[in-house]
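Before I ask anything, here is the structure I am working with.
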Amino acid sequence: VRVGSVNPDEMFGYFAWAVEQSNSTRPVALYLTSPDTNDGVAVALLRRAIVTNLYAAPPPYSYEQPPDYPATNERASKPLTEQYTEAIGGVAVGLFDNQRMQFGADAEQSVPAYAEDVAYHLMLTCFLGVLDGNSDAFRWLTALMVRGGPNRQLTISRFLGLATDELIRPFRGDVPDSDIVSRWVPPDSGTVFQWVAAASTNPSLESVLPSMVVEYISLLRNIS
Amino acid sequence: MYGSGEGGLEMMPAPIELYRGQKHWNNNMDICAPTLRRSLGGQNPIVWTDTLLTMIDGLIQATKLGNAAACQQLEAQLLYSQQSAFQNPFVSCSYRWAIAQSFALFGDTPGYVLTINGDANAGVDMKDLRSSYSLYGDAVDYLDEFGIPRRLAHPFVVSQVDLVEPFGQRSVRVYP
């Protein structure tokens, strides 16, 4: 996350962290380091990584209806959302419906460590999704926040606070981001569920991904 | 490693006071790193913990010598460790009582805040490491975390334990 360390903007730090460390976008991070990187191509690659890791695979190839790129057999693996749901032994719909019962569930010993690994990469991918204005990524982040231990809750709540300030102005009054982060402690459960309630109202997000990619490329060239 | 290797045994102890929040506590409890309690797949937890500690120590030493690739990997590993229990070979403590208390009260149920005394040279100060080498630390950097490798043992000792309750109730000293 060398570029994230150079730019003091916290939101940009999350962007750099996600691009460089998420399994789903690591090839894009490599592409970004090449001298002839095209920012439009980089944005398209990032969007593909976000979409293919949030949503279920398209139906198998048929001659009548050619698939959108990438075809099923070109996927390295299932979407991260599906991997995570399988790892915690639940179904996706339940993740969003019974959240009070799932508070901190991923920190329990009964949840396999593999789930944590998937959750980490899904969280990073969702950061990029939210930066691209994807409200499903926002919802997934709230689910990951609810189920996470204190560290994950702190990280996601901080990110959502920043994202909300910049992107979801109508919810600014409803989301107590500055209260949480000024104390610099993981949020309590009441705060976490306030966030979930705010997210369930389908906030309209704007994409800042292209401008962050441009900035990232420019910073990277200045460093090297 | 961490007090036994280069610059370790010869160094004078640097006394520190740390706090740690946890849900359960008893006087004979083995307080150990998450990797000793939770491993990925079928690894031997002791071997896995030692592997991670060796790797992180190597990265720290190489970073101190100015190795840029090691610095980058250390940055990523610290972030990963603080988000994933199976990647964290440290008993996590904080320099701040408030942080430990919020961990103890996680989920709005009572918990314990341990006051721990020990030697700063025998563990890893995450925040200091990050600020010394300009490593990105997202929000978890504000936890003021200090990592005790493997388990809470010499030179670290629990000097006080308080039972804390949610919703502003008074804490109760349970040890000593």
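This one's a predicted model, so the numbers in the text were calculated from it and none came from an experiment. Here is how names work: the chains are called A, B, and so on, in the same order as the sequence lines, proteins then strands, and each is numbered from 1.
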Closest heavy-atom pair, Gln83(B) versus Arg152(A), reported as atoms and distance to 0.1 Å, is OE1-CA, 3.3 Å
Requested in this report: Quick one: pull up CG in Asn151(A) and OG in Ser92(B) and give me the separation to the nearest 0.5 Å.
Outcome: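 Going from CG on Asn151(A) over to OG on Ser92(B), the span is 7.0 Å.
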Ranked by heavy-atom pairs below 4.5 Å to chain A, first place among Ser94(B), Gly21(B), Ser84(B) goes to Ser84(B)
- Query: Given the side-chain rings of Phe86(B) and Tyr114(A), with only the six-membered ring counted for Trp, is the space between their centroids under 6.0 Å?
  - Reply: no
Item to complete: Please name the pair of heavy atoms, one in Tyr136(B) and one in Tyr14(A), separated by the smallest distance, quoted to 0.1 Å.
Response: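 Answer, listing the atom of Tyr136(B) first, then Tyr14(A): OH-N, 3.2 Å.
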Checklist line | Region of Val118(A) that comes under 4.5 Å of a non-hydrogen atom in chain B | finding: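 Nothing of Val118(A), per the 4.5 Å heavy-atom cut-off to chain B.
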Could you tell me if the side chain of Tyr120(A) sits less than 4.5 Å from the side chain of Gln87(B), heavy atoms only? no
Exercise. Indicate the atoms forming the closest heavy-atom contact of Pro150(A) with Phe106(B), along with that distance.
Key: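 Smallest heavy-atom distance, with atoms named: CG-CD1, 3.6 Å.
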Worksheet item: CG/Leu154(A) to CD1/Ile99(B) distance, rounded to the nearest 0.5 angstrom?
Response: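 Rounded to the nearest 0.5 Å, the CG-CD1 separation comes to 7.5 Å.
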- Whether Glu116(A) side chain and Ala85(B) backbone form a donor-acceptor pair below 3.5 Å: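 Yes, because the side chain of Glu116(A) sits within donor-acceptor range (under 3.5 Å) of the backbone of Ala85(B).
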Okay, Asp117(A) and chain B: the region with an atom under 4.5 Å from a heavy atom over there is both
Pairwise side-chain contact, Glu20(A) with Gln72(B), heavy-atom cut-off 4.5 Å (strictly under):
yes
Neighbour count above 12 (heavy atom, 6.0 Å) for Lys127(B) NZ: yes
